[in-house]
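Scroll down for the structure; my scribbles are underneath it.
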Amino acid sequence: MIRASVGARPYAIATWQWFEPSFLFYAGRGAMRVHQLKNPQEIRRVVADGHGTAYLALPTRDVPALRTGLPGALHVQELYSGYELYSRQHIALLRIESPISLEKNGS
């Protein structure tokens with residue numbers, strides 16, 4: 001899903017309160033780093049590392065609190081929410097973009 005939506009553009013991958021090693025395999029390009037956030041405010045740095053675009057996987061229950069804690073300038077779009085078998089919880093995938101990235105991509 002990430003590869004289909006981002007194409008060849010650069011991006012970063014992060015997780016919050018959830019991690020499955022297969023996530024990087026299915027979401028990444030080669031030897032990408034998965035940023036495992038210790039606090040939601042770190043997403044700013046991850047978005048910058050991804051040249052304005054980051055994909056964040058987290059428990060669905062945490063999405064409202066994360067949205068509240070993010071700076072208003074960041075654009076958040078929920079791409080997916082579904083049950084993840086191994087952790088036995090619902091996981092959401094968010095695309096988070098800076099205003100500059102949105103202008104470049106024409107979104």
Side-chain angles (χ1 to χ4, degrees):
M1 185 177 287
I2 292 173
R3 284 183 268 188
S5 72
V6 79
R9 295 185 311 268
Y11 64 96
I13 296 176
T15 62
W16 164 255
Q17 301 294 328
W18 172 85
F19 180 74
E20 267 306 313
S22 61
F23 176 59
L24 180 59
F25 175 79
Y26 289 108
R29 291 183 184 139
M32 286 186 77
R33 175 178 179 222
V34 173
H35 301 267
Q36 293 185 41
L37 305 180
K38 293 179 179 49
N39 65 66
Q41 292 74 30
E42 290 180 280
I43 196 64
R44 288 175 149 169
R45 178 183 48 80
V46 175
V47 169
D49 286 351
H51 301 276
T53 303
Y55 290 85
L56 176 64
L58 70 161
T60 302
R61 69 177 179 272
D62 293 339
V63 171
L66 180 98
R67 283 182 181 271
T68 302
L70 288 177
L74 293 176
H75 179 260
V76 179
Q77 179 184 10
E78 187 168 326
L79 299 177
Y80 172 81
S81 180
Y83 187 74
E84 198 273 315
L85 185 62
Y86 295 109
S87 65
R88 297 183 181 156
Q89 59 184 329
H90 285 86
I91 301 298
L93 177 65
L94 307 179
R95 178 174 43 219
I96 304 173
E97 295 180 290
S98 69
I100 293 169
S101 177
L102 290 169
E103 289 172 14
K104 284 181 187 176
N105 299 324
S107 299

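The model shown is predicted, which means the values in this text are computed figures rather than measured ones.
Here the straight-line distance linking atom CZ of R67 with atom CD1 of I96 works out to 8.5 Å at 0.5 Å rounding. A distance of 11.5 Å separates OG1 of T53 from CD1 of I2, quoted to the nearest 0.5 Å. For the atom pair CG of L56 and CH2 of W16, the computed distance is 9.5 Å after rounding to the nearest 0.5 Å. Here NE2 of H90 is found 13.5 Å from CG of L58. Values are rounded to the nearest 0.5 Å. Interatomic distance, R95 CZ to E78 CD, rounded to the nearest 0.5 Å: 12.0 Å. For the atom pair E97 CD and H51 NE2, the distance stands at 14.0 Å (nearest 0.5 Å).
In the hydrophobic cluster analysis, where Ile, Leu, Val, Met, Phe, Trp and Tyr join through side-chain heavy atoms closer than 4.5 angstrom, F19 is grouped together with I91. No single ILVMFWY cluster, assembled from side-chain heavy atoms under 4.5 Å apart, contains both L66 and W18. The same ILVMFWY cluster, assembled from side-chain heavy atoms under 4.5 Å apart, contains both L93 and Y11. In the hydrophobic cluster analysis, where Ile, Leu, Val, Met, Phe, Trp and Tyr join through side-chain heavy atoms closer than 4.5 angstrom, V46 is grouped together with V63. Taking hydrophobic clusters as Ile, Leu, Val, Met, Phe, Trp and Tyr residues chained together by side-chain heavy-atom distances below 4.5 Å, Y55 does not share a cluster with V76.
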Working for side chain to side chain contact (heavy atoms under 4.5 Å, CB included), residues V34 and T15: CA-CA 7 Å; V34 173; T15 62; 3.9 Å; yes
Side chain to side chain contact (heavy atoms under 4.5 Å, CB included) evaluation trace for L94 with Q77: CA-CA 6 Å; L94 307 179; Q77 179 184 10; over 6 Å; no
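Across every non-hydrogen atom of E20 and Y86, the tightest pair is OE2-CB, 3.6 Å. Nearest heavy-atom pair, L74 versus S98, reported as atom, atom and distance to 0.1 Å: CD2-CA, 3.9 Å. Taking both residues in full, the closest heavy atoms of S81 and T60 are given as OG-OG1, 3.1 Å, listed atom of the first, atom of the second, then distance. Across all their heavy atoms, L70 and P40 have their closest contact at CD2-O, 4.2 Å.
When atom types are taken as modelled, the side chain of N39 and the backbone of E42 share a donor-acceptor pair closer than 3.5 angstrom.
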